[in-house]
Enquirer: 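After the structure tokens below, expect a handful of questions from me.
The first residue of the sequence shown is numbered 1, and numbering continues consecutively from there. Atoms within each ligand, like the ligands themselves, are counted from 1 in listed order.
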Amino acid sequence: MNTFPLFFKLDNQPILIVGGGEVAQRKADLLARAGACITIVATDITHEIQELLAEGIASGRHTLVYEKYDKKWLVGKRIIIAGTDNEALNHQVQADAKALNIPVNVVDTPPLCDFIFPAIVDRNPIVIGISSNGKAPVLARLLRARLETLIPQGYGNLAKLAGQMRADVKSKIPTLTGRRQFWERAFEGRVSELMFAGRDKEAKQALEDSLAETEQQLISSKDKQEVGTTKKTKTSGEVYIVGAGPGDPELLTFKALRLMQQADIVYYDALVSDKVLDLCRRDADKVFVGKKRSNHAVAQQGINELLINAAKTGKRVVRLKGGDPFVYGRGGEEIEALQAAGIAYQVVPGVTAANAAACYSGIPLTHRDHAQSIKFVTSFLKAGAENNNFSSLLNPDETVVFYMGLHALERLITGLIEAGRDPKTPIAIVAQASLPTQQVLTGTLANIVEKQAKANLPTPALLILGKVVSLHETLAWFGTDGKTTDMESEQQAHALNMV
Ligand code: SAH
């Protein structure tokens, strides 16, 4: 470690930037945000800098000096930045600063720098600085981008709330260990989740309730200890109904990933791919509750009970569902049961199969020339049952996506044609959308059954019906050649745990 990360207070501190161009502007922007009083010395100072600092210049906080550099400007400054395009001048500034023992940064010249500007993740009051010690600033910035995605925006507010309550917590929980446990519970549980969901007031209330409860427990356990017993406390857990998307782990949301990584137990469906499951916290229990054709489902009632019981033991429960929990996912029924049992929950949307299949097959669901509306329907064909629903699927300017339709393809197509849909209407089968094994088969209502009999695309698959399907030929982009093959599909489906 050849530089040491310190967090330096610049609020109301005088600092000097020599140079008035783009480089100076970037530093001025950062330092102004840290509350510094900035002096800029340069014969030319850009209009952008004038605008950036206008307010502070008017109030006398910042000063623009349209003069040639002179070392007199260094006096009394906390830090100096040399950011001109004149190398000799930058060196001069560095030497002068050194003589006065003031830390100096010569932009893009690490050997002449006493300090460097890190890549910053700002969740005020939490601040993360990343440095490559001048070796690979782009890498540091890439790392910053990763952290930006992993750290919810609500972190800053969470830290502010903790700051407000710190003294109170200290006075009510006397031991260091007790306080550490209290804060860990707050930051890993409901309080932080509420804050990340933007429910600041409820988060504050939850923290206050938790403090009151802890205080009460301390008092009663003290009383009980006096008569020789101790009391164990139990806090209730929470259930997160999380959409896992169509299979490609990159299509998870940041929120889904974060909750998966802090789960104590995960209940997952058949459509959740192994790759997605691998992203759950390593030591979380992973319980399969899905339906497979050969193996009967854990009945919905049973799943509800599993979720409720796990939450009651204080666990953080993730209910991981393929696609989106509220699109043919029975998420609604699960939260009804949770609500009835008084268990806290959140629902995290996922990329539903229709969206994934559309994007990954190059079939836009709407298009100015072809479709103005979309319908998501499920294969409502129960063997033997009468069906009138086809009459609502005849609009030629509407795209219809059928979930769970492949097994009943023939009856579906016959029904549509009999109801009056033009047999020339294009239709696509998109199997295993977004996965490396994705396959797309296109045809018309008149010939798709025959084509599928030959191609035998595997499940999971959905059907897209409507004029937009004709765009696949030109817009397909995903996969090796965008063409359908009927190769080892079943085999691959098994490898992906998708049948
Ligand atoms: N909640 C899920 C849907 C569950 S119903 C979602 O929002 O996507 C299951 C049906 O979804 C399957 O029968 C199939 O029609 C469709 N499906 C799910 N994942 C799929 C995928 N990767 N490719 C194609 N269809 C998929």
Side-chain angles (χ1 to χ4, degrees), residues 240-253 256 267-277 288-294 297 300 303 318-335 347-363 365 374-382 399-409 411-413 427-442 448 452 455-465 469 472 476 478-479 484 489-490 492-499:
Y240 308 116
I241 314 267
V242 176
D248 178 353
E250 294 224 334
L251 296 177
L252 282 171
T253 61
Y267 294 103
Y268 66 98
D269 276 349
L271 286 176
V272 174
S273 71
D274 288 348
K275 279 189 179 163
V276 167
L277 207 56
F288 176 69
V289 290
K291 302 166 196 180
K292 290 199 178 187
R293 252 178 270 150
S294 51
Q300 190 61 45
I303 298 179
V318 165
R319 172 74 177 102
L320 205 51
K321 287 171 173 293
D324 180 274
F326 278 7
V327 179
Y328 304 120
R330 307 190 76 169
E333 290 157 64
E334 285 171 16
I335 65 176
V347 187
V348 182
V351 174
T352 190
N355 290 136
C359 291
Y360 277 72
S361 64
I363 301 177
L365 293 176
I374 315 164
K375 236 179 216 146
F376 290 177
V377 297
T378 181
S379 168
F380 38 73
L381 294 163
K382 293 225 170 74
T399 305
V400 184
V401 182
F402 295 88
Y403 283 72
M404 298 175 271
L406 193 59
H407 70 281
L409 184 68
R411 281 186 290 143
L412 203 62
I413 302 296
I427 184 166
I429 302 174
V430 184
Q432 303 185 353
S434 84
L435 291 162
T437 50
Q438 172 176 304
Q439 292 183 65
V440 183
L441 180 69
T442 57
I448 194 73
Q452 166 63 358
N456 197 20
L457 260 58
T459 56
L462 43 72
L463 318 174
I464 305 179
L465 173 75
V469 171
H472 166 71
F478 180 70
T484 305
S489 48
E490 273 296 317
Q492 285 167 336
H494 276 288
L496 281 154
N497 186 24
M498 308 253 337
V499 262

Enquirer: As a test of understanding, state which of Ile429, Leu465, Leu412 forms a side chain to side chain contact (heavy atoms under 4.5 Å, CB included) with Ile448.
Expert: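 In the set Ile429, Leu465, Leu412, the residue that makes a side chain to side chain contact (heavy atoms under 4.5 Å, CB included) with Ile448 is Ile429.
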Enquirer: Is it the side chain, the backbone, both or neither of Ala461 that has a heavy atom closer than 4.0 Å to ligand 1?
Expert: backbone
Enquirer: Asp324 heavy atoms, cut-off 4.0 Å: which ligand 1 atoms fall inside?
Expert: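 Listed by number with element, the hits are 1 (N), 6 (C), 7 (O).
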Enquirer: Which ligand 1 atoms, with their elements, are less than 4.0 angstrom from a heavy-atom of Leu271?
Expert: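 Taking each heavy atom of Leu271 in turn, ligand 1 has 9 (C), 18 (C) under 4.0 Å.
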Enquirer: Can you check whether Lys275 reaches Leu435 side chain to side chain, under 4.5 Å on heavy atoms?
Expert: no
Enquirer: Given side chains that start at C-beta, do those of Thr399 and Ile464 come closer than 4.5 Å, heavy atoms only?
Expert: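 They are in side-chain contact.
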Enquirer: Is any side-chain heavy atom of Ser434 closer than 4.5 Å to one of Glu250?
Expert: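 With C-beta onward as the side chain, the pair stays apart.
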Enquirer: Would one find an N or O of Val351, backbone or side chain, under 3.5 Å from an N or O of ligand 1?
Expert: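 No, no N or O pair falls under 3.5 Å.
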Enquirer: So, taking the atom named CZ in Arg330 and the one named CD1 in Ile241, what distance separates them when rounded to the nearest 0.5 Å?
Expert: 12.5 Å
Enquirer: Quick check: Ala433 and ligand 1, any N/O pair under 3.5 Å apart?
Expert: yes
Enquirer: Are any of the side-chain heavy atoms of Ile335 and Phe326 separated by less than 4.5 Å?
Expert: yes
Enquirer: Between Lys321 and ligand 1, find which residue part has any heavy-atom pair under 4.0 Å and reply side chain, backbone, both or neither.
Expert: neither
Enquirer: What about Leu435: any of its N or O atoms under 3.5 Å from an N or O on ligand 1?
Expert: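 No, no N or O pair falls under 3.5 Å.
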Enquirer: Any idea which atoms of ligand 1 are less than 4.0 Å away from a heavy-atom of Val430?
Expert: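 That gives atoms 24 (C) of ligand 1.
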Enquirer: Roughly how far, to the nearest 0.5 Å, is OG1 of Thr442 from CD1 of Ile427?
Expert: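 Going from CD1 on Ile427 over to OG1 on Thr442, the span is 10.5 Å.
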Enquirer: When you measure from atom 17 (N) of ligand 1 to each heavy atom in Gly322, Pro325, Ala353, which option holds the nearest one?
Expert: Ala353
Enquirer: Quick one: which ligand 1 atoms are inside 4.0 Å of a heavy atom on Thr352?
Expert: 6 (C), 7 (O), 8 (O)
